[in-house]
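Excluded from the calculations below are hydrogen atoms, water molecules and symmetry mates; all remaining heavy atoms, backbone and side chain alike, are included. A, B, ... follow the sequence lines: proteins, then strands. Residue 1 opens every chain.
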2 protein chains.
Amino acid sequence: MSPYDPSAFPPFAVTVDLVVLTVRRHALCALVVRRGEPPFQGRWALPGGFVRDDEDLAGAAGRELAEETGLSAHDPALPTGNGAHLEQLATYGDPRRDPRMRVVSVAHLVLAPDLPAPRAGGDANSARWASVEELLAMRDAGGAEEGEQAPLAFDHATILADGVERARSKIEYSSLATAFCPPEFTVGELRRVYEAVWGVALDPRNFHRKVTGTPGFLVPAGGTTTRQGGRPAQLFRAGGATLLNPPMLRPEV
Amino acid sequence: MSPYDPSAFPPFAVTVDLVVLTVRRHALCALVVRRGEPPFQGRWALPGGFVRDDEDLAGAAGRELAEETGLSAHDPALPTGNGAHLEQLATYGDPRRDPRMRVVSVAHLVLAPDLPAPRAGGDANSARWASVEELLAMRDAGGAEEGEQAPLAFDHATILADGVERARSKIEYSSLATAFCPPEFTVGELRRVYEAVWGVALDPRNFHRKVTGTPGFLVPAGGTTTRQGGRPAQLFRAGGATLLNPPMLRPEV
DNA sequence: AGAATAGTGTCTGTCAGACATTATTAA
DNA sequence: TTAATAATGTCTGACAGACACTATTCT
């Protein structure tokens with residue numbers, strides 16, 4: 001086959017889909033939007049849209065993220081800014097994943113701190129945070145039951161599952177869990193992030209020893225807080241270290 | 001923005017590019033093909049080609065792999081077959097990565113045992129195994145020097161670097177290094193794979209203890225061999241375990 | 001007082017790094 | 001014999017899991 005004959009390539013539509021994860025009320029949640037048109041009209045789906053002619057993939061993902069949430073994705077090099085972590089997840093291109101035409105979707109993963117309320121791109125009430133556990137449970141349960149119990153549109157349940165798995169494994173060996181936290185946070189809040197993402201309970205004392213003993217992971221921010229009740233806890237900021245070595249161990253493997 | 005308006009999407013070309021890695025003579029090598037036409041005519045590039053209208057991304061990657069090497073990508077679930085490991089790597093979509101048109105490339109990573117000789121798809125002499133170290137060294141060295149010292153075409157040096165980094169990190173916590181070995185291999189041969197991929201020397205005794213002590217990683221194949229000279233070594237096959245826990249540790253981190 | 005959370009310390013088993021020693025072949 | 005590789009064993013330090021104990025707040 002002659003490679004790269006510009007006149008003989010099948011045209012594809014290329015989209016970005018976003019797996020936006022956050023931790024709300026001790027549960028891992030994902031941002032979903034309600035579809036206003038067929039196919040899958042009325043069903044929940046991951047936010048996303050077409051890649052424009054002049055933007056790259058990360059740019060398109062960042063633009064969609066800003067349109068849906070008002071968040072700005074920040075460069076992983078920068079210390080903080082009120083941005084979320086954004087990275088490419090995987091690409092989905094089954095010929096029949098969209099019944100209308102050939103669509104290749106480059107999924108991206110976003111880890112965001114808890115946000116007040118989702119803000120829809122065009123129509124206001126069509127976006128919400130949904131528990132990942134519920135979204136993935138209805139995936140295997142097959143068809144729709146009543147109202148909001150239908151699985152996600154297209155192959156979005158698969159994409160969501162891949163994104164959740166990426167997040168679960170990546171907080172083991174990186175400092176990415178801090179992307180779920182506000183700029184200043186306590187060790188207990190960080191631990192509850194791990195517990196929500198992994199769905200397990202961690203020993204508070206061993207966790208404290210681990211995260212405070214890893215150089216560059218946390219830097220003291222100076223103050224204390226009693227957000228959770230009990231003895232006041234020190235506030236920390238995310239340190240410069242991005243890799244955790246040795247990693248945080250996930251129980252029950 | 002109205003999502004999914006089928007009549008108003010910019011058309012993209014979608015290709016798959018392959019990072020095919022193997023270990024030859026104690027060095028990590030990648031398969032490269034010489035470009036026969038502009039742009040980058042005469043330069044080396046990663047093998048790849050257009051995704052066809054009716055195939056999915058992994059299917060396109062597997063087809064290109066077979067065309068270039070005769071290898072068949074095997075399902076990771078199956079024990080062996082003479083196939084190579086294939087997985088999606090990442091997607092590259094900068095608007096200017098191909099000077100002629102908008103091309104989004106879904107790169108795939110292939111780990112293959114040492115193969116006798118590369119077999120080109122169309123023209124015979126245009127494919128070869130090149131040392132990864134040399135390919136990546138000339139990336140930063142800038143422009144072409146003499147003859148074969150030019151960097152890879154397009155953004156393929158970046159893609160190659162990402163693929164190598166994926167392979168280097170993945171053999172830490174998975175049994176994927178066995179994909180570089182023939183169906184039956186010795187502990188020493190497996191150790192030399194790790195040494196070539198990581199570019200370090202490992203203690204043979206600690207390595208032996210680690211791999212033979214991890215349940216399900218290696219299963220004895222029965223025979224012995226003296227391929228390397230010295231005392232005959234036991235032959236092993238890859239076991240069913242796909243995850244290494246605890247992982248193999250990479251020195252000097 | 002009692003409950004809740006934060007923070008420090010101790011003990012123990014696992015395991016990686018360093019290195020000694022023996023076994024078995026080829027040249 | 002010498003060199004090369006394979007295989008097993010020992011010692012030690014780092015660290016995770018389990019858990020006792022103290023500190024500081026709110027109700």
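The shortest distance between the side-chain N/O atoms of B:Lys210 and the OP1/OP2 oxygens of C:dA16 is below 4.0 Å. One finds a side-chain N or O of B:His208 lying less than 4.0 angstrom from the OP1 or OP2 phosphate oxygen of D:dT8. Residue B:Arg205 places no side-chain N or O under 4.0 Å from the OP1 or OP2 atom of D:dT10.
Rounded to whole Å, the distance from CG on A:Asn245 to P on C:dG17 is 11 Å. Separating the CD atom of B:Glu189 from the C1' atom of D:dT5 is a distance of 12 Å, rounded to the nearest angstrom. Between the CZ atom of B:Phe207 and the P atom of D:dG9 there is a distance of 19 Å, rounded to whole Å. Going from atom CG of A:Asn206 over to atom P of C:dG13 covers 16 Å, rounded to whole Å. Straight-line distance from the CD atom of A:Gln234 to the C1' atom of D:dT24: 13 Å, rounded to whole Å. Atom P of nucleotide D:dG9 and atom CG of B:Asp203 are separated by 16 Å, given to the nearest angstrom. Atom CZ in B:Arg191 sits about 12 Å away from atom C1' in D:dA4, given to the nearest Å. Atom CZ in B:Arg209 sits about 11 Å away from atom C1' in C:dC19, given to the nearest Å.
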Practice item. Would you sort out whether B:Tyr92 and B:Asp17 count as a side chain to side chain donor-acceptor pair (under 3.5 Å), showing the intermediate values? Key: CA-CA 10 Å; B:Tyr92 301 82; B:Asp17 284 324; over 6 Å; no
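Residues B:Phe180 and B:Pro113 form no side-chain contact, since every pair of their non-hydrogen atoms from C-beta on lies 4.5 Å or further apart. Contact check for B:Phe207 versus B:Met248: side-chain heavy atoms found under the 4.5 Å cut-off.
Closest to the side chain of A:Arg231, from the set D:dA6, D:dG17, C:dT5, is C:dT5. Side-chain atoms of A:Pro232 lie closest to D:dT24 of the nucleotides D:dC11, D:dT24, C:dG7.
Taking CG of A:Asp203 as the start and NE2 of A:His208 as the end, the distance is 12.0 Å to the nearest 0.5 Å.
Using a 4.0 Å heavy-atom distance criterion, A:Pro246 is classed as a sugar-phosphate-only contact.
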